[in-house]
Peer 1: 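This is the structure I have questions about; it appears just below.
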Amino acid sequence: MRKTEVNPDNYTFACVLRACMEKSDSRGLRVVHGGVVVSGLEPDMTTSSALVNAYAKLGQVEEACNVFNKIAQPDLVLCNSMVTAYGHGGFWDKSLEMFREMLKMGIHIDGYTLVGLLSGFADPSLLEICQGIHGLCLKAGFDYNGYVGSSLVSMYSRCGCLYSGYRVFSSLSQVDLVIWSSLITGFSQSRDYEMAMLLFKEMNMKGVKGDAILTASVLAACAKFVVVQPGKEIHGYVFRHGLVLNVMVTSALIDMYSKCGFAHLGLRVFETASEKSVVVYNSVITGLGSHGLASQAFGIFEEMLFKRLIPDQCTFSALLNTCSHAELVKEGCDLFKRMEVEFGIAARTEHYVYMVKLLGMAGELGKAYDLIQKMPNPPDSGVLGALLSCCVVHGNLELGKIVSSQLSQLEPEKTAYGVMLSNICANDGKWDDVRKLRDDMVGIGLKKSPGLSRVGDGNVPYSNCNRDI
DNA sequence: ATAGGGTTAG
């Protein structure tokens, strides 16, 4: 088009911007934005709206805001885009402010406005505001709107109030797949796995067929709760409903089998899959690695490189996890270096956790401590906690004291760290030190609540189960 | 030209 006489107009740019958004192409987005600026076209609602959406989707809310501010009299669609941009960025307060601004300007809100606004609320502390918005949805007559309905259901589940979500669900006159999906996913994410499975069955009985997103989500619930039987049934469901080719379903299946202890079944799903994404590879590497099958996991990584797939941070999490399970210290250190040098991926907190576990469990506590000192950001409780457990395993009281004092500064009310430290003394028979440490905890008003574990009997699924048993 | 549910990672 650029090589012909035909010039792009605002709508052309909006279409191309949408493509950049769908492809998550930040560079392309900047280039097209540049094209809009130099095209000589007046900044208009259509392109601005597309720009706001694209920047927000790629996490650049500030840039979205800049675009928005250049328009003197934004219309409904442009305002909706901005409300949604703030909502998706997690800036619920700014989203709400924008919403109020719209009302002040006399703009009549619609379903898009409410969906955008609702998407920003994700914390139990915001429940009252959420209820207010819910009230507004009812008063403005949007209770028939399926988009608003599903947003309300997932908003309530994000705020930890799932039974309010269930009431919204029950009040809807038309229930489609996405609304079912919001509800079922909500229950499985709130750890109410049994309810999630029950609703999934009920949905199927009503003749609604699950799609890839919902099926992957239900499989994730099976993985989280370590129940292979329903997982297998859903594997059959996947075949019957033609979902085998979907990479999301494939990775969820691999993960489900691996988490339930059947790494070989996960591997079989992997081998028979025709479509394989980076996530599919990551899932199978994680599964094999967690079962100590390091050489197979490395083999799959090689295959991935051979197929010219680009490994991501998660791939290296999986690989480092593999090394720590198989006590492969040298391989782990090499991979940690390769990740940055060869693949340009900066080490994140979880990568440091794996490295600490790898070095620490091998008895290289000094090296683990040195590595932590070199972290770009100060270590959080996850990294330090990993190091403290290694101190317990190797009976290193000296380092254990240093680490646990750093931990108690980060999380003063957590009692487990003091107990771990006292266990080092107990293993060494130093009962006077044990008593002193325990007395100190009581002295500052800390009380260790006893641990509780529950085991399923093989037929009855675990409820509230602890996977470490 | 704008909406809703989302697989892998401590």
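The model shown is predicted, which means the values in this text are computed figures rather than measured ones. Quick note: numbers below take in every heavy atom, side chains included, and nothing from hydrogens, waters or symmetry partners. Convention: sequence-line order gives letters A, B, ...; per-chain numbering from 1.
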Peer 1: Base, sugar-phosphate, or nothing: which does Asn246(A) touch, judged by heavy atoms less than 4.0 Å apart?
Peer 2: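 The answer is nothing, as Asn246(A) stays clear of every strand by at least 4.0 Å.
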Peer 1: Name the orientation class of the two ring planes belonging to Tyr156(A) and His134(A) (parallel below 30°, tilted from 30 to 60°, perpendicular beyond 60°).
Peer 2: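 Because their plane-to-plane angle is over 60°, the rings of Tyr156(A) and His134(A) count as perpendicular.
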Peer 1: Which nucleotide span of DNA chain B, 5' end to 3' end, has atoms closer than 4.0 Å to non-hydrogen atoms of chain A?
Peer 2: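 It runs dA1(B) to dG10(B).
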Peer 1: Report the residues that fulfil salt bridge (charged side-chain N to carboxylate O under 4.0 Å, His left out) with Glu202(A), sequence neighbours left out, ordered by chain and then residue number.
Peer 2: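 Glu202(A): salt bridge (charged side-chain N to carboxylate O under 4.0 Å, His left out) contacts with Lys206(A).
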Peer 1: Measure up the Tyr166(A) and Phe169(A) rings against each other and bin them: parallel (under 30°), tilted (30 to 60°), perpendicular (over 60°).
Peer 2: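 The arrangement is parallel - the two ring planes meet at less than 30°.
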Peer 1: Over all strands shown, is Tyr11(A) touching base, sugar-phosphate only, or nothing at heavy-atom distances under 4.0 angstrom?
Peer 2: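 If one applies the 4.0 Å heavy-atom cut-off, Tyr11(A) turns out to touch nothing in the nucleic acid.
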Peer 1: Got a sec? Which of residues 71-79 of chain A come in under 4.0 Å of DNA chain B, heavy atoms?
Peer 2: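 Val77(A), in order of number.
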Peer 1: Categorize Val383(A) for me: base, sugar-phosphate, or nothing, with a 4.0 angstrom heavy-atom threshold over every strand shown.
Peer 2: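 Base contact.
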Peer 1: Can I get a per-line list of side-chain donor-acceptor pairs under 3.5 Å for residues 375-387 of chain A, giving both atom names and the distance, sequence neighbours left out?
Peer 2:
from, atom 1, to, atom 2, distance (Å)
Asp380(A), OD1, Gly382(A), N, 3.1
Asp380(A), OD1, Val383(A), N, 3.2

Peer 1: Anything under 30° is parallel, anything over 60° is perpendicular, the rest tilted; go ahead and classify Phe343(A) against Phe316(A).
Peer 2: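 The rings of Phe343(A) and Phe316(A) sit tilted, inter-plane angle from 30° to 60°.
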Peer 1: Asp176(A) near the nucleic acid: base, sugar-phosphate alone, or nothing, with a heavy-atom cut-off under 4.0 Å?
Peer 2: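 The residue Asp176(A) makes base contact.
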Peer 1: Under the side-chain hydrogen bond (donor to acceptor under 3.5 Å, both in side chains) rule, collect the residues that match up with Arg338(A), sequence neighbours excluded.
Peer 2: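 Arg338(A): side-chain hydrogen bond (donor to acceptor under 3.5 Å, both in side chains) contacts with Glu342(A).
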Peer 1: So which of residues 131-141 of chain A are in contact with DNA chain B, with a heavy-atom cut-off of under 4.0 Å?
Peer 2: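 Within this stretch, nothing sits under 4.0 Å of the strand.
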Peer 1: Aromatic ring centroids of Phe200(A) and Tyr193(A) under 6.0 Å?
Peer 2: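 Centroid distance Phe200(A)-Tyr193(A): not below 6.0 Å, so no.
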Peer 1: Ser283(A) near the nucleic acid: base, sugar-phosphate alone, or nothing, with a heavy-atom cut-off under 4.0 Å?
Peer 2: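 Counting heavy atoms under 4.0 Å across all strands, the contact made by Ser283(A) is with sugar-phosphate only.
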Peer 1: Within the structure shown, what part of the strands sits under 4.0 Å from Asn80(A) by heavy-atom distance: base, sugar-phosphate, or nothing?
Peer 2: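 Asn80(A): base contact, heavy atoms under 4.0 Å.
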Peer 1: Under 4.0 Å, counting only non-hydrogen atoms across every strand here, what does Leu253(A) touch: a base, just sugar-phosphate, or nothing?
Peer 2: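 No contact at all - Leu253(A) keeps every heavy atom at 4.0 Å or more from the nucleic acid.
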Peer 1: Tell me what Gly382(A) touches on the nucleic acid: a base, only sugar-phosphate, or nothing, going by heavy atoms under 4.0 Å.
Peer 2: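 Counting heavy atoms under 4.0 Å across all strands, the contact made by Gly382(A) includes a base.
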Peer 1: Only pairs at least two apart or in different chains count here, so list each ring-ring contact (aromatic ring centres under 6.0 Å, His included) that has a residue in residues 39-70 of chain A.
Peer 2: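 Listed once each, the pairs are His33(A)-Tyr55(A).
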Peer 1: Can I get a per-line list of side-chain donor-acceptor pairs under 3.5 Å for residues 210-218 of chain A, giving both atom names and the distance, sequence neighbours left out?
Peer 2:
from, atom 1, to, atom 2, distance (Å)
Asp211(A), OD1, Ile213(A), N, 3.4
Asp211(A), OD1, Leu214(A), N, 3.1
Thr215(A), OG1, Asp211(A), O, 2.6
Ser217(A), OG, Thr185(A), OG1, 3.0

Peer 1: Considering all heavy atoms of both residues, which atom of Ala263(A) and which atom of Leu293(A) are nearest to each other, and what is their separation?
Peer 2: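 Minimum heavy-atom contact is CB-CD1, 4.4 Å.
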Peer 1: Describe the nucleic acid contact of Thr349(A) in one word from base, sugar-phosphate, nothing, applying a heavy-atom distance below 4.0 Å.
Peer 2: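 Base, at least one base atom sits under 4.0 Å.
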Peer 1: Does any residue of residues 145-167 of chain A have a heavy atom under 4.0 Å from DNA chain B, and if so, which ones, in number order?
Peer 2: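 Asn145(A), Gly146(A), Tyr147(A), Ser150(A), Ser151(A), Ser154(A), in order of number.
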Peer 1: Throw together a table of side-chain donor-acceptor distances under 3.5 angstrom for residues 76-90 of chain A, partners on residues two or more places apart or in other chains.
Peer 2:
from, atom 1, to, atom 2, distance (Å)
Asn80(A), OD1, Thr113(A), OG1, 2.7
Asn80(A), ND2, Asp110(A), OD1, 3.1
Ser81(A), OG, Ser49(A), OG, 2.8
Ser81(A), OG, Asn53(A), OD1, 3.2
Ser81(A), OG, Val77(A), O, 3.1
Thr84(A), OG1, Asn80(A), O, 2.7

Peer 1: So which pairs with a foot in residues 304-320 of chain A pass salt bridge (charged side-chain N to carboxylate O under 4.0 Å, His left out), sequence neighbours left out?
Peer 2: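 Passing the test, one end in residues 304-320 of chain A: Glu303(A)-Lys307(A).
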Peer 1: Glu302(A): what forms a salt bridge (charged side-chain N to carboxylate O under 4.0 Å, His left out) with it, not counting sequence neighbours?
Peer 2: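 Listed in chain order: nothing, the list is empty.
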Peer 1: Any chance CE of Met1(A) has more than 12 other-residue heavy atoms, nucleotides or ligands included, within less than 6.0 Å?
Peer 2: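 Enclosed.
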